[in-house]
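As structure tokens, the structure follows; a few thoughts come after it.
Counting convention: from 1, in listed order, for ligands and their atoms alike. Here the structure is a predicted model, which means the values were calculated and not measured.
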Amino acid sequence: MELLEAIRRRKTTNTPFRPDRVSDEHKRLLIEAASRAPSHFNSQPWRFILIEDKARIHQIADIAGDAMKQLMNEGAFVARYRRYFRFSTEESMAAGNGIYVDNLPSVLRPMVKLIFSEQVGTMLSRLGVSNILGHDQRRIVRDAPLLMAIALDKQEYKPGELSGLYASITLGAVIQTLWLVTTALDMGMQFISTPLEVPESKARLVTLLKIPDDYELVAMFRMGYKDPAAARNTIDWTSNQRKHFAELARYNDWDTPLPEEMASARSLLWEGHEMPNQP
Ligand SMILES: Cc1cc2nc3c(=O)[nH]c(=O)nc-3n(C[C@H](O)[C@H](O)[C@H](O)COP(=O)(O)O)c2cc1C
């Protein structure tokens, strides 16, 4: 697959994968390609754990499901991120960012305003939303043929210090490479971040994966071959929309917008393709 084609097609896969095992060649390609990412002083501070053992995947799924339910019940998670929640096409298009919760049981639709209330955690619990999300998270992780954990060398990953920033930058480069390669292989990929947001859940993962003290667990993903026929989660979202590039970029300094010729130049990325500016 051509690079631009992979960039166009890369997206989060929220749905289940095919049950097939990911081939050893593909797993090897993922790690070899990721290792070509830039890192400060070529330090290569990332280590990868490929998890295929079913019993371990099931344990991780339980941890992820519990963490999701807990985060929703506490309300703080939704409160922290609610500025990114969209509930209509118009809202989503106008903002150009955030996640559009487009798949929601109709009985819950009238309740979306509650997300902005102070008691959001209690409401999500009472309406059964925390249970649904926890259950979906557990199921979707449990059914994945491959999980990948990434850990960073703590000699480099020191939050608050410059080396912490540099380690985060190289981590981003690694993750984007993984994502583009999975896309090229007709695989999908999804972050499983919720257990990393709950300290006890993260500690359970660190123990389960036997991550040593000098490494920090920083990211988890589920991966597998895409299944175009897969059903969506009970509550689900899309996030195809992007801000226009002229809104994202400035020219020579912060105060100056892009010259008109550049802003109106033809799109090499999207020419001949449907631009996913629709949520
Ligand atoms: C650091 C980070 C953590 C993320 N955590 C999650 C996650 O826990 N679950 C999930 O489904 N997506 C997660 N995402 C994916 C974003 O929601 C997604 O990339 C964004 O909405 C754009 O959608 P797209 O990837 O389909 O283009 C995460 C992304 C980043 C960069």
Side-chain angles (χ1 to χ4, degrees), residues 5-17 34 37 46 60-61 63-72 76-78 80-87 91-93 95-103 132-144 147-152 157 159 164-165 167-183 187-198 201-202 205 216-224 226 230 232-243 245 248 269-270 273-279:
E5 174 73 2
I7 292 173
R8 271 192 297 271
R9 286 172 53 171
R10 187 217 62 80
K11 66 194 285 251
T12 293
T13 304
N14 302 351
T15 44
F17 300 119
W46 3 263
I60 295 171
I63 296 171
D66 290 351
M68 175 67 86
K69 192 173 160 186
Q70 184 179 333
L71 281 172
M72 291 301 146
F77 179 82
V78 174
R80 193 175 333 138
Y81 297 120
R82 69 181 148 208
R83 66 180 185 278
Y84 297 118
F85 284 78
R86 319 276 174 244
F87 292 99
E91 206 188 341
S92 182
M93 295 289 285
N97 67 0
I99 64 168
Y100 173 32
V101 185
D102 63 334
N103 204 40
I132 295 175
L133 290 172
H135 175 270
D136 278 355
Q137 175 79 349
R138 179 174 175 273
R139 182 183 50 85
I140 207 162
V141 175
R142 197 181 159 89
D143 292 344
L147 303 183
M148 183 188 287
I150 307 183
L152 285 178
Y157 180 67
L165 173 65
S168 304
I169 290 172
T170 179
L171 173 68
V174 155
I175 292 172
Q176 181 71 347
T177 301
L178 289 169
W179 225 312
L180 293 177
V181 175
T182 53
T183 306
M187 291 174 61
M189 171 164 163
Q190 183 182 27
F191 269 97
I192 312 166
S193 301
T194 39
L196 302 188
E197 299 224 8
V198 179
S201 304
K202 183 173 168 183
L205 287 177
E216 180 81 24
L217 172 63
V218 287
M220 281 282 299
F221 300 92
R222 47 184 285 279
M223 293 178 172
K226 282 189 191 155
R232 300 186 71 188
N233 290 327
T234 319
I235 298 175
D236 208 0
W237 47 273
T238 58
S239 44
N240 254 337
Q241 62 281 25
R242 292 294 188 271
K243 288 182 178 292
F245 85 103
L248 297 171
L269 187 59
W270 294 109
H273 301 272
E274 197 183 338
M275 193 172 168
N277 56 353
Q278 303 294 323

For K11, the ligand 1 atoms whose distance to one of its heavy atoms is below 4.0 Å: 26 (O)
In terms of the angle between their ring planes, are F221 and W179 parallel, tilted or perpendicular, with boundaries placed at 30° and 60°?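 Ring orientation of F221 relative to W179: perpendicular.
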Report the relative orientation of the aromatic rings in Y81 and F77; use parallel for angles under 30°, tilted for 30 to 60°, perpendicular for over 60°.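 Rings of Y81 and F77: perpendicular, as their planes differ by over 60°.
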Shortest protein heavy-atom distance from [atom], along with the residue and atom involved:
atom                    : result
atom 15 (C) of ligand 1 : T12 OG1, 3.8 Å
atom 17 (O) of ligand 1 : W237 CH2, 3.7 Å
atom 20 (C) of ligand 1 : S239 OG, 3.6 Å
atom 8 (O) of ligand 1  : S193 N, 2.9 Å
atom 11 (O) of ligand 1 : Q190 NE2, 2.7 Å

Can you tell whether the side chains of D136 and R139 come within less than 4.0 Å, N to carboxylate O?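 Yes, D136 and R139 are salt-bridged.
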If I compare all heavy atoms of [X] with all of [Y], which pair ends up nearest, and what's the gap?
X    : Y    : answer
Q190 : R222 : OE1-NH1, 2.7 Å
L147 : I192 : CD2-CD1, 4.1 Å
T238 : R232 : CG2-NH2, 3.7 Å

Does R10 reach ligand 1 with a nitrogen or oxygen that is under 3.5 Å from one of the ligand's nitrogen or oxygen atoms?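 The answer is yes, given that R10 and ligand 1 share an N or O pair closer than 3.5 Å.
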Can R242 be said to touch ligand 1, with heavy atoms closer than 4.0 Å? yes
Does Y157 have its ring centroid less than 6.0 Å away from the ring centroid of W46?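 No: the rings miss the under 6.0 Å criterion.
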Given F191, Y84, W179, which one has a non-hydrogen atom that is nearest to atom 30 (C) of ligand 1? F191
